[in-house]
Protein chains: 2
Amino acid sequence: MLDKSHKHVSCETCGARKSSLFGSFCDHEISHVDEQKSCAYYKKGQPIFIEGSFPRGVFCLNQGKVKIFTRGDEGKEQIIHIAKEGEIIGFRAMFSGEPYKVAASTLEECNICFIGKEDFLNMIDTNPTLRNGIMKELSKELGDRAIFITNMAQKSVRERLAFALLILGDIYGDEQINLTREDMANFVGTATETLIRLLKDFKDEGMIEIHTRKLEIIDADKLMQLAGR
Amino acid sequence: MLDKSHKHVSCETCGARKSSLFGSFCDHEISHVDEQKSCAYYKKGQPIFIEGSFPRGVFCLNQGKVKIFTRGDEGKEQIIHIAKEGEIIGFRAMFSGEPYKVAASTLEECNICFIGKEDFLNMIDTNPTLRNGIMKELSKELGDRAIFITNMAQKSVRERLAFALLILGDIYGDEQINLTREDMANFVGTATETLIRLLKDFKDEGMIEIHTRKLEIIDADKLMQLAGR
DNA sequence: TAAAAAAAATGATATTTATCATCTTTGAAA
DNA sequence: TTTCAAAGATGATAAATATCATTTTTTTTA
């Protein structure tokens, strides 16, 4: 359980920073970020921002995992992305001038810092490295989503699940994958029942281990072969 | 038929410019762009760039329509976007440093200008208005693709077709929608046969008119209701 | 720790949509 | 114009996946 009292995480000592867009910042740039930001503890399942509202700044994930999702016509979630430690969340709507088209909520306990819109846009304008990092990130995600769309259109649920498990494996790193079946189904884009049946098949075929709700990848090669390119 | 000899379209007189990212450029900025660019005629079905290659610059669409697509495992196309006059194509890979994840080819005869990578990146660095326009565009598309993914996951083919027809209606403006059934199916993410059957249903229900290969939207309201939000 | 709620699992069935085979029409090129 | 290839259309069938109903297990909270 995270320390809830630890409200002021420091950027200087933030373990997630080196792998983030702020990774290349020099000491004085980092202390500037540190001054601008505030930090808060979020409990599991807590919303960070919702679809349709206007952004007041960006969120920087110090600890924990966050789902980014949209809702379809009947309110059903489609998970677009799962953010991990070090990621900056919600900067898309910062530039588009539109309200959020996606929502974000925590998948577990999180420490999340906040940088106000003005401060952040100012950083972008004055810091070419950060700016280029952001543009690179936006572009990379755009490419990823093109592939996501293609997968949805052309791969079977089984293939998409293999693909999703590999992505989740990357996100969770050493830890075991830890999502509800419903969230996982909403990431793959299928019915929860279908997902559960397929997980069982994958287990029987030796590709994964199921530890109640947590999943462990056993045979990544086999999953890759199934997932296709 | 376009004038193939007219190789040097001028930015100053480009009809598509006002609605483009260069729309707010002043005279001297525009003449600078004009000097940097080259222009070429493309015939129908001609590739502009292919998946996996590295970008050498960006393309600016003066006349015609272009499909942006990826290919799935078996080489089947998934159309991600259809670009029209005034759009800048291929700037994603410019920033990501990765090779193109999508390919582009013309859907009809086109005049397309080209701006080299160095020149374009230089413009971005020195022109905050252009830069902000690009970031806004990247962000907007990112949001659109989140919705695209959700539609693929949650809407029926019938609903997606209604959605696609509305988008195509916007793109083609006064003209009638003019795509092969296969391209349309690859945009909606369905089999060609299924698309053909649904088009017939839509015609019978008074939502569209079919003029051989061209389509005309008759009842946009009904399509919107079907498409959902 | 017991009770309640939420999540996971399973079975039966319905529905949607893809696939395959075939035929017709249209448009381009000889 | 005739010919030929590509695109469009149609019917029959198969496969994949969703939905609904119900039960079991796990987790949360009183």
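Proteins come first, then strands; the chains are lettered A, B, ... in the order of their sequence lines, and each starts at number 1. Basis for what follows: all heavy atoms, side chains included, without hydrogens, waters or symmetry-related copies.
- Nucleotides of DNA chain C nearest to A153(A) and L179(A) differ in position, and the one nearer the 5' end is that of L179(A).
- Between I196(A) atom CD1 and dT26(D) atom C1' the separation is 13 Å, expressed in whole Å.
- L199(B) and L215(B) get closest at one heavy-atom pair: CD2-CD1, 3.9 Å.
- Nucleotide dA12(D) holds its C1' atom 12 Å from the CD atom of E193(B), rounded to whole Å.
- Backbone-only engagement by T190(A) is indicated by non-hydrogen atom pairs under 4.0 Å involving sugar-phosphate atoms exclusively.
- We find that NE2 of H211(B) is positioned 13 Å from P of dA9(D), with the value rounded to whole Å.
- Formation of a donor-acceptor pair under 3.5 Å by the E205(B) side chain with backbone atoms of F202(B) is not found in this model.
- For R197(B) and E193(B), the salt-bridge test fails: no basic side-chain N is under 4.0 Å from an acidic carboxylate O.
- Counting to the nearest Å, the P atom of dT29(D) and the NZ atom of K43(A) are 9 Å from each other.
- One interatomic measurement links the two molecules: NZ of K44(A) to C1' of dT29(D), which rounds to 14 Å at whole-angstrom precision.
- Remark: T194(A) is in phosphate contact with dA18(D), judged by side-chain N or O atoms under 4.0 Å from OP1 or OP2.
- In this structure, E85(B) contributes its side chain and G64(B) its backbone to a donor-acceptor pair below 3.5 Å.
- One can place CG of L107(A) at 12 Å from P of dA7(C), the figure rounded to the nearest angstrom.
- Contacts of T212(B) with the nucleic acid, taken as non-hydrogen atoms under 4.0 Å apart, involve only primed sugar atoms and P, OP1 or OP2.
- Of the candidate nucleotides dT28(D), dT19(C), dT17(D), dT17(D) has the atom lying nearest to any side-chain atom of V157(A).
- When the C1' atom of dT25(C) is taken as reference, atom CZ of R213(B) falls 14 Å away, rounded to whole Å.
- For S156(A), the side-chain atoms get nearest to dT17(D) when compared with the rest of dT19(C), dT17(D), dT10(C).
- Between R181(B) and dA9(D) there is a side-chain N or O to OP1 or OP2 distance below 4.0 Å.
- For R197(B), the listed nucleotide lying nearest its side chain is dG11(D); candidates were dT19(D), dT17(C), dG11(D).
- Remark: the E87(B) side chain and the H81(B) side chain contain an N/O donor-acceptor pair separated by less than 3.5 Å.
- To the nearest angstrom, C1' of dA18(C) lies 15 Å from CD of E182(B).
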